Amino acid sequence: MHPCVRAFLLSFLLLPWKWLYMIFGGQLVLSWFLHLRDSNGHSAHVATAVIDLVNRKRVQAIIGTVSPQEAALVSEFDKVTKDIPIISIPPTSSLLPPLPSQSPFLVQMSTNIAAHMQCNAAIISHFRWHKVTAIYENSNSVSTDSGLVALLSDALELTDSTVKSHAAFPPVSSLSDPRAFVEKELKKLWSKSSRVFVVLQSSLEFAMILFEKAKQMGMMERGYVWIVSDEIASLLDSVDDSFISANMQGVIGCKTNFVDTSKSYRQFKLMFRRKYRLVYPEEDDYSNPSLFALRTYDATWTLAMALKKSQGRTNSKELLSSLLSSDFRGLSGEVSFKNGELSQSPVFRIINVVGRKYREITFWSPEFGFVENLARDAWMKVRIGGGSKSALGSVYWPGGSLVAPKGWTLGSEEKPLKIGVPARDAFNQFVRVSYDQERNGPFVSGFSVDVFQAVVGRLPYHLPYVLIPFNGSYDDMVTAVYNKSLDAAVGDTEIMADRYEYAEFSQPYLESGLIMVVPVKPDKFKEIWMFMKAFKMQMWVLMPSMHVLTTFVIWLIERGENNPDFVHPHSSKIWTVLWFSFTLLFFAQRESIESNLSRFVLASWLFVVLIVSACFTAVLASIITVSRLQPSVVDIEYLKSINASVGCDGNSFIVRYLNNVLQFENQSIQHINTISDYPEAFRKGKIAAAFFVEPHAKVFLATYCEGYTMAGPKYKLGGFGFVILKSFFFLGKQADQEFFQEMYPESCADSSTFICYSTRNPP
């Protein structure tokens with residue numbers, strides 16, 4: 001039995017009949033008879049039951065979960081029922097009310113559905129989810145409720161969010177195997193990128209099947225979001241605690257608020273639970289009255305008060321007029337009608353399922369948005385000054401996370417992202433494509449792939465992808481991303497300004513620049529006189545001069561002491577001093593030194609010579625150790641002047657760069673396929689220089705340590721980056737910027753730093 005039917009039965013039985021008997025003089029009450037019909041969710045059964053009650057039981061009014069479409073259907077079959085007031089008690093008012101000519105006597109005991117959609121949109125906007133999936137169960141088999149999606153889309157229009165997709169389920173009662181059908185449809189939703197699911201309309205039976213299957217399929221794990229409507233949120237008290245704890249953890253919902261602290265409510269709750277235990281003893285733990293019970297009780301009171309006004313003597317039109325003019329405070333709130341539905345502006349409790357129950361985290365109203373406190377003056381009024389973004393507070397999400405999910409993922413296990421990698425990379429240290437016999441397919445490795453996998457590993461969600469070898473040039477691979485043949489490209493791809501016409505790029509993970517590598521030529525002349533580099537020329541002049549001066553001073557001192565070894569003819573004095581200076585270095589002088597002053601001068605000078613000799617030995621050793629190789633070509637202009645051939649990777653942008661920027665002729669540019677082909681091309685004289693990006697140049701020089709060196713200036717480039725589909729990032733939405741900041745949290749503070757690469761031109 002539908003919860004509303006149960007609520008109506010119990011609420012009707014709880015009416016104070018003795019008090020009514022006194023008011024109506026003991027005459028009207030005796031004419032009240034309760035006739036129950038259960039349609040089991042079939043619109044045809046509804047029509048049959050209403051026609052039967054009107055024609056056979058001669059009822060004056062009908063209370064139940066009759067939709068406007070069903071009421072219109074009944075009036076088409078039987079003109080008599082067209083004039084019978086029908087008080088409908090759905091969770092929300094009808095989506096598309098029928099024309100007045102179709103069902104003018106329908107009174108809906110519910111608030112407008114637009115407010116419910118606005119509440120859902122407020123939650124979605126608060127957490128900045130930009131793509132959501134709507135789920136709903138059709139209320140009957142006669143018509144669909146697809147307009148619910150349009151209403152949600154309208155509510156989301158001002159929040160920069162959209163309904164990415166939707167899934168409509170037929171009524172559970174019309175399905176032979178509802179569990180298998182729900183599982184099949186959930187698999188379709190699981191394959192999509194959106195991870196925010198909004199259950200717009202659902203019976204309790206369908207919701208329990210939905211969440212049970214979602215749990216089994218892993219759709220209640222970290223990264224997923226589930227929002228339920230008032231129709232389910234108001235009935236969670238009637239759901240088994242074990243089912244909630246096992247299948248609904250982290251669900252949030254909008255529940256219509258009502259005053260549950262008044263004396264009248266406490267009395268009603270006590271009587272309701274007492275009666276519920278008698279009728280449904282097996283459900284004693286879930287006997288709290290829901291919103292449906294309160295509204296059923298109020299609907300019955302509304303009908304009783306309308307009959308009181310007419311003293312039992314009234315026709316259908318007068319009874320309808322009395323119903324629509326009702327204005328009193330009931331258990332569910334203020335009861336007054338406008339356009340055939342409750343005129344009261346609803347206030348919703350935002351609930352969050354945690355553990356075996358749920359907790360209330362904040363309130364929301366159409367007038368003031370999210371508020372933390374409510375002031376109750378006569379009836380519920382929202383306190384001015386609410387609506388702060390912090391009102392939602394902490395939320396427990398599916399999977400046990402306390403961090404709000406991003407609400408989407410890039411790809412799925414069934415449809416992973418297609419990531420292209422260069423299959424013919426001349427430098428396989430960055431990307432290497434080999435054949436894996438165990439997998440019977442290509443295996444991709446290398447530095448660039450390792451960087452990409454490390455970035456993906458840091459994402460707060462799972463990113464399914466597959467690496468696809470691309471046989472073509474780097475420019476062709478960028479074009480493939482532009483044509484959406486690939487979702488992205490990973491490799492040693494250079495960030496270039498002209499490539500921004502086709503795709504976006506990530507922040508560079510490796511700095512780069514264009515570098516020229518040439519063979520070296522040894523300088524034989526400078527190798528012979530290499531020892532002269534130990535000291536500067538001033539030092540070489542100073543040391544011999546000081547040595548000659550010192551020996552001359554010693555000669556003068558010894559001559560003054562009449563040392564016979566220093567007395568020579570005038571003609572040979574100069575040669576004597578010079579020879580003494582030379583032999584003194586090796587302590588081979590024949591002259592004996594007798595003066596103490598001479599000995600002191602000589603000792604001081606020998607100490608200086610010792611220090612200078614040690615320094616000379618150290619510097620000369622370092623010079624000899626370091627190879628003194630010079631490039632065979634100094635600059636690019638020399639290459640162009642002699643029309644020399646240069647080599648580069650034929651698949652890269654360097655060919656275009658040499659031709660357009662550095663002004664090399666096409667016939668002077670030789671395409672080299674692999675790193676091992678460069679030495680042979682140099683040896684055979686096919687090329688005089690090779691051009692690499694800086695990381696490739698370092699790999700080449702590390703592989704071939706001898707015989708090559710860098711020469712000329714370095715031309716600054718954008719660096720190595722990942723190629724990304726142009727519509728993938730930076731659509732002016734916060735989600736895209738947040739995703740970028742998560743992938744590269746240390747690269748820049750915002751996306752503007754990234755976008756500046758699109759205006760950078762190579763020199």
Side-chain angles (χ1 to χ4, degrees), residues 130-131 164 192-194 406-412 415-423 425 430-431 444 446-470 472-512 651-653 693 717-760:
H130 298 280
K131 297 177 182 179
K164 180 67 175 179
K192 299 181 182 298
S193 60
S194 176
K406 295 305 173 186
W408 49 271
T409 186
L410 304 175
S412 64
K415 191 178 180 181
L417 291 181
K418 296 178 293 183
I419 309 296
V421 294
D425 195 345
F430 293 89
V431 177
V444 183
F447 175 76
S448 297
V449 177
D450 293 341
V451 172
F452 175 74
Q453 292 174 344
V455 171
V456 172
R458 295 186 61 182
L459 296 178
Y461 48 81
H462 178 57
L463 179 65
Y465 67 90
V466 58
L467 298 176
I468 301 176
F470 184 84
S473 67
Y474 286 79
D475 288 336
D476 293 338
M477 187 169 64
V478 173
T479 305
V481 175
Y482 172 76
N483 295 331
K484 299 184 179 180
S485 300
L486 299 172
D487 295 309
V490 171
D492 47 350
T493 310
E494 192 70 46
I495 299 175
M496 301 291 294
D498 54 357
R499 288 176 175 172
Y500 269 90
E501 299 178 9
Y502 304 98
E504 295 284 356
F505 287 86
S506 67
Q507 282 287 306
Y509 64 87
L510 202 60
E511 292 186 357
S512 179
N651 289 327
S652 73
F653 75 97
V693 289
L717 300 174
F720 286 178
F722 302 141
V723 186
I724 304 165
L725 188 63
K726 206 170 182 62
S727 60
F728 194 77
F729 289 120
F730 309 112
L731 304 179
K733 297 184 178 180
Q734 184 67 22
D736 300 325
Q737 297 175 5
E738 290 175 354
F739 178 82
F740 171 78
Q741 291 171 359
E742 285 174 1
M743 288 189 70
Y744 306 96
E746 300 175 357
S747 296
C748 62
D750 52 45
S751 61
S752 61
T753 306
F754 175 85
I755 295 174
C756 72
Y757 280 91
S758 63
T759 60
R760 178 182 296 175

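Please read these numbers as outputs of a predicted model, since none were measured by experiment. Excluded from the calculations below are hydrogen atoms, water molecules and symmetry mates; all remaining heavy atoms, backbone and side chain alike, are included.
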Between the main-chain N or O of Ile419 and the side-chain N or O of Asp487, is there a donor-acceptor pair closer than 3.5 Å? no

How long is the gap from CG on Asp498 to CG on Asp475, to the nearest 0.5 Å? 7.0 Å

Interatomic distance, CZ@Arg499 vs CE@Met477, rounded to 0.5 Å, equals 8.0 Å

Gap between atom OG of Ser485 and atom CD1 of Ile468 - 0.5 Å precision: 9.5 Å

If only atom types and distance count, is the side chain of Ser194 paired as donor or acceptor with the main-chain N or O of Lys131 below 3.5 Å? yes

What's the shortest heavy-atom distance between Val490 and Ser448, and which atoms? CG1-O, 3.8 Å

So, using side-chain contact (heavy atoms from CB on, under 4.5 Å) as the criterion, who are the partners of Gln453 when residues are at least two apart? Val449, Asp450, Tyr465

Heavy-atom closest contact (Gly718 atom, Pro508 atom, distance): O-CB, 3.5 Å

For Phe430, give me all partners under ring pair (Phe, Tyr, Trp, His ring centres under 6.0 Å), at least two apart in sequence or on another chain. His696, Phe720

Of the options Asp492, Val431, Leu510, which is the one that meets Phe447 in a side chain to side chain contact (heavy atoms under 4.5 Å, CB included)? Leu510

Could you tell me which residues satisfy side-chain contact (heavy atoms from CB on, under 4.5 Å) with Tyr482, sequence neighbours excluded, listed by chain and number? Tyr502

Shortest non-hydrogen contact from Gly491 toward Pro422: CA-CD, 4.2 Å

Taking all heavy atoms of Ile724 and all of Val481, pick out the closest pair and write down the distance. C-CG1, 3.8 Å

So, Glu504 side chain and Leu725 main chain: donor-acceptor pair closer than 3.5 Å or not? no

Within the 6.0 Å centroid threshold, strictly below: Phe452 and Phe722: yes

Walk me through it: do Phe653 and Val693 pass the test side chain to side chain contact (heavy atoms under 4.5 Å, CB included)? CA-CA 10 Å; Phe653 75 97; Val693 289; 3.7 Å; yes

